[in-house]
Structures are given as C-alpha cells and as structure tokens.
*Asks:* 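Let me begin by handing over the structure; questions about it come next.
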Amino acid sequence: MVAGHLHEKNGYYYIILNLTDSAGRRKPKWISTGLTIKGNKKRAEQMLMEERRKYANAKAGDDVLFADFMEQWLEIVKSTVSIPTYSSYVNAVKSIIAPYFRKKKILLRDLQAHDIQMFYQEQLQRVKASSVIHYHANIHKALKYAVKNDMIPSNPADKVERPKQDKFYGNFYDRDELNKLFEAVAGTKLELPVLLGAFYGLRRSEIVGLKWSAIDFEQNTITISHTVTSCNLDGVIVAKDTTKTKSSRRTLPLVPYFHEKLLAVKAQQGRNQKLCGRSYNREFLEYICVDDIGDRFKPNYITSQFPRLLERNGFRKIRFHDLRHSCASLLLASGVPMKHIQEWLGHSDFSTTANIYAHLDYSSKLTSASAMESN
C-alpha cells in the first residue's frame, strides 16, 4: 500500500500520499478531503486508507523500483511493530537495502532470487552473517506483503539461501578480573550498572528500567518487569512494562549485599533531592539508576562510558553485555545447573542458554568423563 498520512490545515483534513515519479524522485500528492477537523477524524482516516489502496493498486502494475517499494513498506509496517523494531527496519532498509538496489535499478516485478542472493554475498564481505539474516527478514517480510497485495505473483526471497548463523561465544571476565573492576567503578556513576550486570546478569535495558517498586526489601526480592531502550530513530528512548521475552520477566533473590547497597542508594537520592531542591528532576523518581540531579541514565551512556572506564584502568576490553556472560560463566564454574542459569538470566528457552554457554560447562564434562572412566 502507498504510504501516506493526514495533515491538518486551515481547519480541514488533507491527505498527503508519498509518491515517486518515473525518475524515482519523491513527489508528495495532496488531496483535499473537504472534511473539517472537528468530529471527522474517523471519516478522514477512512478516506486516507481508500486513497492509499487506490494508488497501491494502480502502482502494482507500474514500473516500481524495488528500492522504492522497500521504503514504502516501512510506512505501511510502522503501525504494526514496536518503535525499537521499526527503528531497526529503518536502519536496514534506508542505510543498506534500498541504496544497494537503487544502484541496480531493479524493478519490484523483475526482482529474482539471484538478485537477492548476490546482495547477501556482497554484504557478507563487510558484516557478519547475523546482520545479513536481519536484512533477509526485512526483505522477506516486505515481499510477502507484496504477494498478498497482488503486486508480484510469488516471493523470490523464498528461494534464497540464508547465510548460516555465526556460532557465538560470549566474552567474559573471571572472578579476579571482576573484583578489580568492582574496585575501579566504586563511587562512580557506573558502579550500580556494573554490579547489576555482573551479579544478576541483567541486560542494559533491564538495568536502566529498574524501578524502586521492583525491590521488595521485606521479602528480599528483585523483580525484572520494566525496560528502557533507545533506538536510532530520532534518539527516541522507549520505557515500557514489558521485557525482551516473556521469560525475561523474572523475580530473583535480593542478597544481603544488594539489600544494603540499594538502601544506601535510595538514601543518597533523598539527600540529592533536598540538596538540589527545584533543580532536581522529579520525572524519574521511580527509577533506581539516576544521576545526582535525578536524570535517568540513558542506555547509550552505559554503552559508551563502559569501554572508556576499562581503557582508563588498563582492563581487558569487553562489552558491557559481556558482564552478563561473566555472570553465567561464574555460575557454571560454581556448579549451578544450566537450567537454573536459564531462569536466572531470563532466557526464553533452554537451548538459548545451552548454545551460548555449553562450551563453559566444565562440571558436566567432568561428570561425563568420570562416568566413562568407571565403565
């Protein structure tokens, strides 16, 4: 369907369709609905859908570039997915997929499996297979829409061989490295995020999204149920009462160290509020990870500042997310069963945990070796 939206002007609704001319240049088309703004929004939205459908059917047989179709599809899918997901679609389509196929000048109706396969092969020269698999998901979903709306007879992406997913091995710090890291971050803004990442294996979005309401100081539990994520779409930050997966919503024990640590953090935030007075940002009072003036930590702050901290202190380079892997590796080394680690980390299924950490499961290997030796 052709992308478009409603526009309010001089008290009336107008339809603006995002069309392109034969040269591929954007050419918005304005259509007056004749409807006043007051009380006519639903009718105006119906007219918008009718116009989009009419132009989509007209363009189905036109010489539509595949690159143009992919960008039009972005507008169509926008309302059906979350903002972070839509942001990832935009980055893939506008930065990689559309520019490549625009240079090739391939029409949607002429697109072949070979064209897509060649695109994948070229991309594999610069990015990992996981990125190409992401491009494939975008292309396949868009072409599926084109088939559904009779723009093409079949989906050429069905015939393409996807690259094999790279085997992932998480990097991690051992116990000594973590203890030295804890000493280095003590008293800094990164102290609490590092502690939560290394001990509880929390994701960045779970750390930034942690609220005081998630801490039960009487029952000594910490519940992961709220996340804060950022996306590259105009710097949007999304806070929501949902986690990455259903299994990511979990309740963990609040150990004595964190019980005392969080009470101290809460008390310090109270002192900061009194000290700053009206200058203190009260928008994020319910969040745990805030700075001295009450601003909630931005997810990208943690990602950008963590490697700088490591470099300043001469530590081996790892990602912030690798603290999660460090947590898992220490649990495995301590003999914690893989199933328990799955629940601790909030993985959606056991295979995810096993595939990532099986190479670290020393205890099970020793058990197997002992069993074989006794036979």
Side-chain angles (χ1 to χ4, degrees), residues 130 165-182 185 190-210 214-216 219-229 242-259 261-262 288-289 299 302-303 306 310 315-372:
S130 57
Q165 179 74 52
D166 298 320
K167 184 68 175 179
F168 174 76
Y169 295 105
N171 199 1
F172 60 92
Y173 273 1
D174 60 27
R175 192 180 304 275
D176 289 338
E177 289 175 305
L178 282 178
N179 285 331
K180 291 177 182 177
L181 176 61
F182 296 156
V185 298
L190 286 179
E191 180 179 13
L192 193 55
V194 166
L195 289 173
L196 290 169
F199 185 85
Y200 284 108
L202 299 191
R203 302 175 178 91
R204 183 187 68 171
S205 61
E206 296 169 343
I207 293 171
V208 180
L210 199 59
I215 310 300
D216 188 330
Q219 298 298 320
N220 283 318
T221 59
I222 176 171
T223 301
I224 312 304
S225 59
H226 182 82
T227 58
V228 172
T229 56
T242 56
T243 49
K244 184 177 181 180
T245 65
K246 186 177 180 180
S247 299
S248 297
R249 185 180 292 266
R250 59 204 188 276
T251 297
L252 303 171
L254 184 67
V255 298
Y257 172 81
F258 276 95
H259 183 113
K261 183 69 178 177
L262 290 175
I288 293 177
C289 289
I302 295 176
T303 304
F306 182 68
L310 297 184
F315 288 116
R316 180 165 56 87
K317 184 178 179 181
I318 63 171
R319 304 168 305 163
F320 182 80
H321 192 75
D322 289 327
L323 293 177
R324 180 171 164 86
H325 301 315
S326 301
C327 170
S329 70
L330 290 179
L331 290 174
L332 276 170
S334 299
V336 177
M338 193 78 77
K339 181 64 178 177
H340 293 176
I341 295 175
Q342 174 203 342
E343 296 167 354
W344 186 269
L345 297 179
H347 283 154
S348 57
D349 56 68
F350 180 78
S351 63
T352 301
T353 314
N355 289 338
I356 296 176
Y357 302 115
H359 67 293
L360 299 177
D361 193 0
Y362 309 114
S363 58
S364 66
K365 291 180 176 65
L366 289 172
T367 301
S368 299
S370 298
M372 292 298 294

*Asks:* For residues Arg324 and Leu345, determine if any side-chain heavy atom of one lies less than 4.5 Å from a side-chain heavy atom of the other.
*Replies:* yes
*Asks:* Please report the shortest heavy-atom distance between Ser334 and Arg175, naming the atom on each side.
*Replies:* OG-NH2, 3.8 Å
*Asks:* Would you check if the side chain of Asp322 reaches a backbone N or O of His325 as a donor-acceptor pair within less than 3.5 Å?
*Replies:* no
*Asks:* Return yes if some donor-acceptor pair links the side-chain N/O of Glu177 with the main-chain N/O of Asp174 below 3.5 Å, else return no.
*Replies:* yes
*Asks:* Identify the heavy atoms of Ile318 and Phe306 that sit nearest to each other, and give their distance.
*Replies:* O-CE2, 3.7 Å
*Asks:* Is there side-chain contact between Leu262 and Leu192, with at least one heavy-atom pair below 4.5 Å?
*Replies:* yes
*Asks:* Check whether Arg250 reaches the backbone of Ile222 with its side chain - one donor and one acceptor, N or O, closer than 3.5 Å.
*Replies:* no
*Asks:* Would you give the length of the straight line joining atom CD of Glu191 to atom CG of Leu181, rounded to the nearest 0.5 angstrom?
*Replies:* 10.5 Å
*Asks:* Taking all atoms of both residues into account, what is the closest heavy-atom pair of Ile207 and Pro193, and its distance?
*Replies:* CD1-O, 3.4 Å
*Asks:* So which heavy atom on Ala198 is nearest to which on Cys327, and how close?
*Replies:* O-CB, 3.0 Å
*Asks:* Do any N or O atoms from the side chain of Tyr200 and from the backbone of Pro253 form a donor-acceptor pair under 3.5 angstrom?
*Replies:* yes
*Asks:* Test Arg203 against Ser248 for side-chain hydrogen bond (donor to acceptor under 3.5 Å, both in side chains), laying out the working first.
*Replies:* CA-CA 10 Å; Arg203 302 175 178 91; Ser248 297; 3.2 Å; yes
*Asks:* When you compare the side chain of Ile224 with that of Leu210, does any pair of heavy atoms fall below 4.5 Å?
*Replies:* yes
*Asks:* CD1 of Ile215 to CG of Leu254: how many Å apart, nearest 0.5 Å?
*Replies:* 6.0 Å
*Asks:* Test side chain to side chain contact (heavy atoms under 4.5 Å, CB included) on Asp216 and Thr251; report intermediate values, then the result.
*Replies:* CA-CA 10 Å; Asp216 188 330; Thr251 297; over 6 Å; no
*Asks:* Contact between Lys180 and Phe315 at the side-chain level, heavy atoms closer than 4.5 Å - yes or no?
*Replies:* yes
*Asks:* Can you see which heavy atom on Gly201 is nearest to which on Trp344, and at what distance?
*Replies:* N-NE1, 4.5 Å
*Asks:* Restricting to non-hydrogen atoms, name the atom on Ser326 and the atom on Leu178 that form the minimum distance, rounded to 0.1 Å.
*Replies:* CB-CD1, 4.2 Å
*Asks:* With under 30° as parallel and over 60° as perpendicular, where do the rings of Phe199 and Phe258 fit, or are they tilted in between?
*Replies:* tilted
*Asks:* Verify side chain to side chain contact (heavy atoms under 4.5 Å, CB included) between Leu323 and Leu196, making sure each step is shown before the conclusion.
*Replies:* CA-CA 9 Å; Leu323 293 177; Leu196 290 169; over 6 Å; no
